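Treat the numbers as computed from the prediction; the structure is a model and nothing was measured.
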2 protein chains.
Amino acid sequence: MNELPETLTIGGLAKAAGVNVETIRFYQRKGLMREPDRPPGGIRRYGEAALARVRFIKSAQHLGFSLDEIADLLKLEDGSHCTEAREQAEHKLADVRAKLADLQRIEKVLKELVQRCCAASGEVRCPMIQALQEA
Amino acid sequence: MNELPETLTIGGLAKAAGVNVETIRFYQRKGLMREPDRPPGGIRRYGEAALARVRFIKSAQHLGFSLDEIADLLKLEDGSHCTEAREQAEHKLADVRAKLADLQRIEKVLKELVQRCCAASGEVRCPMIQALQEA
DNA sequence: CTTGACTCCGTACTTAAGTACGGAAGTAAG
DNA sequence: CTTACTTCCGTACTTAAGTACGGAGTCAAG
């Protein structure tokens, strides 16, 4: 089944994923990625799976998950305890919904501030700064 | 005009603002707040203005501004650079909207995963990671 | 007028998420 | 084979936003 080329060096992997080589090594140290075995006296090779993992880490991070949280997500990977996995996923879903609510509130405040700012040109004090002081 | 009691000690200010004393001192070192002159051989007193400033910093932080960005905002305090302040807010608003879109996407994915996980008990692999990688 | 809490001040430690450095060893091109 | 990259590995540095510590000085109560 697993038709894995394992063709990339760490540098190639880093370039493909758009990160620094040191970042890959950092993730390995953190346990977020395995280091493939190295052919004795040779250099490690990485395949699609490793690339997918870096990309996964980066996109989850972009969504505001910390590396520790991402490590939790990745622990679900084996699928051996589906109930546990589902519970973790539900927990993350709650996190995401809380973050969504926060962001929606922030969006509303910022939108109103920008509008008020636009309307108030000419006044002595910037309403944005004033509003933030009351917020 | 400025009827300022200047009654709080740094500890009182910190308590009123809900932050640590060290945080106030840290903001002072960062140039985000002035240190009031101290009556020779005495201790400093803080008034409403200082409290308002700490609150401003904290709420701007909650809106996703970094302390450096907040320092920039505070430089605009006189209101003569309202346009600049508005532009900063607009930029943040764009940031927030991008994050919102991302989070909505992942909320959908996670919700579906939880449902699928419920339905898939017995399967070897948890569909979680793979689906997130495609997200 | 002493005790305990608080202030002042500098320095140093913390966490997260990397980045940079330096030497040794592997590898690819000419 | 030599030269020029890379990899590998450990250690150390960086930034943001604080927190903690320790020794003075100060202030209010008993």
Side-chain angles (χ1 to χ4, degrees), chain A residues 5-47 50-51 53-74 95 99, chain B residues 5-47 50-51 53-74 88 92 95 99:
Chain A
E6 302 283 314
T7 168
L8 297 163
T9 66
I10 195 172
L13 173 61
K15 190 171 291 181
V19 303
N20 197 306
V21 169
E22 302 300 329
T23 301
I24 306 280
R25 293 188 6 82
F26 173 71
Y27 291 165
Q28 291 173 336
R29 287 200 295 276
K30 279 262 153 176
L32 290 164
M33 308 182 51
R34 281 186 44 256
E35 302 184 57
D37 307 320
R38 57 189 289 204
I43 65 172
R44 299 189 173 88
R45 296 289 169 163
Y46 300 83
L51 180 54
R53 170 145 306 197
V54 182
R55 294 220 246 249
F56 169 69
I57 293 168
K58 277 296 160 196
S59 46
Q61 237 182 344
H62 198 242
L63 298 178
F65 290 91
S66 71
L67 291 185
D68 280 357
E69 289 172 326
I70 293 166
D72 286 347
L73 278 179
L74 290 170
D95 281 359
K99 279 180 184 159
Chain B
E6 301 280 317
T7 170
L8 297 163
T9 67
I10 195 172
L13 173 60
K15 191 172 290 181
V19 304
N20 197 307
V21 169
E22 301 299 330
T23 301
I24 306 282
R25 292 191 5 83
F26 173 69
Y27 290 165
Q28 291 172 337
R29 287 201 295 274
K30 279 261 152 177
L32 289 165
M33 307 182 50
R34 282 187 42 257
E35 301 184 57
D37 306 322
R38 58 189 288 202
I43 65 174
R44 298 190 173 90
R45 296 288 169 165
Y46 300 84
L51 180 54
R53 171 143 303 197
V54 181
R55 295 218 245 250
F56 169 72
I57 293 168
K58 278 296 160 192
S59 44
Q61 244 182 338
H62 261 115
L63 296 178
F65 290 89
S66 71
L67 291 186
D68 279 357
E69 289 171 324
I70 292 166
D72 287 347
L73 277 180
L74 289 170
Q88 281 226 38
K92 270 299 153 198
D95 281 359
K99 277 183 186 161

Open item on the list: What is the distance, to the nearest angstrom, from the CZ atom on B:Phe65 to the C1' atom on D:dA17?
Closed with: 17 Å

Task: Nucleotide D:dT15, atom C1' - distance to CD of B:Glu69 in whole Å - done: 14 Å

Task: Protein-nucleotide distance (B:Leu13, atom CG; C:dT7, atom P), rounded to Å - done: 10 Å

Open item on the list: By the 4.0 Å heavy-atom rule, please label A:Gln28 as base, sugar-phosphate, or nothing.
Closed with: nothing

Open item on the list: If I compare all heavy atoms of B:Ala17 with all of B:Val54, which pair ends up nearest, and what's the gap?
Closed with: CB-CG1, 3.5 Å

Could you list, one pair per line, each protein nitrogen or oxygen that sits under 3.5 Å from a nitrogen or oxygen of nucleotides 18-20 of chain C, together with the distance?
{"residue": "C:dG18", "atom": "OP1", "partner": "A:Lys58", "partner atom": "NZ", "Å": "3.0"}
{"residue": "C:dG18", "atom": "OP2", "partner": "A:Tyr27", "partner atom": "OH", "Å": "3.0"}
{"residue": "C:dG18", "atom": "OP2", "partner": "A:Gln61", "partner atom": "OE1", "Å": "3.2"}
{"residue": "C:dG18", "atom": "OP2", "partner": "A:Gln61", "partner atom": "NE2", "Å": "2.2"}
{"residue": "C:dT19", "atom": "OP2", "partner": "A:Thr23", "partner atom": "OG1", "Å": "2.7"}

Open item on the list: Measure NZ/B:Lys15 against P/C:dC6 and give the value in whole Å, please.
Closed with: 7 Å

TODO: Select from B:Arg38 and A:Glu35 the residue whose nearest nucleotide in DNA chain D is closer to the 5' end of that strand.
DONE: A:Glu35

Task: Side-chain heavy atoms of A:Leu32 within contact of A:Phe26, under 4.5 Å - done: no

What's touching nucleotides 3-7 of chain D from the protein side, N or O pairs under 3.5 Å?
{"residue": "D:dT7", "atom": "OP1", "partner": "A:Thr9", "partner atom": "OG1", "Å": "2.5"}
{"residue": "D:dT7", "atom": "OP1", "partner": "A:Gly11", "partner atom": "N", "Å": "2.8"}

Open item on the list: Could you tell me if the side chain of A:Ile57 sits less than 4.5 Å from the side chain of A:Tyr27, heavy atoms only?
Closed with: yes

Open item on the list: Would the distance check show the side chain of A:Arg38 and the main-chain N or O of A:Arg45 forming a donor-acceptor pair, the cut-off being under 3.5 Å?
Closed with: no

Task: Donor-acceptor contact below 3.5 Å, side chain B:Thr23 vs main chain B:Val19 - done: no

Task: Residue pair A:Gln28 / A:Arg34, side-chain heavy-atom distance below 4.5 Å - done: no

TODO: For the pair B:Lys92 and B:Glu69, find out whether any cationic side-chain nitrogen is under 4.0 Å from an anionic carboxylate oxygen.
DONE: yes

Task: Interatomic distance where NZ belongs to A:Lys30 and P belongs to C:dA16 [whole Å] - done: 6 Å

- [ ] Round to the nearest Å and state the distance from B:His62 atom NE2 to D:dA17 atom P.
- [x] 13 Å

Open item on the list: Is there a side-chain contact between B:Leu73 and B:Phe65 in this structure, where contact means two heavy atoms from C-beta onward sitting under 4.5 Å apart?
Closed with: yes

Open item on the list: Could you check whether any side-chain heavy atom of B:Lys58 comes within less than 4.5 Å of a side-chain heavy atom of B:Arg55, counting everything from C-beta outward?
Closed with: no

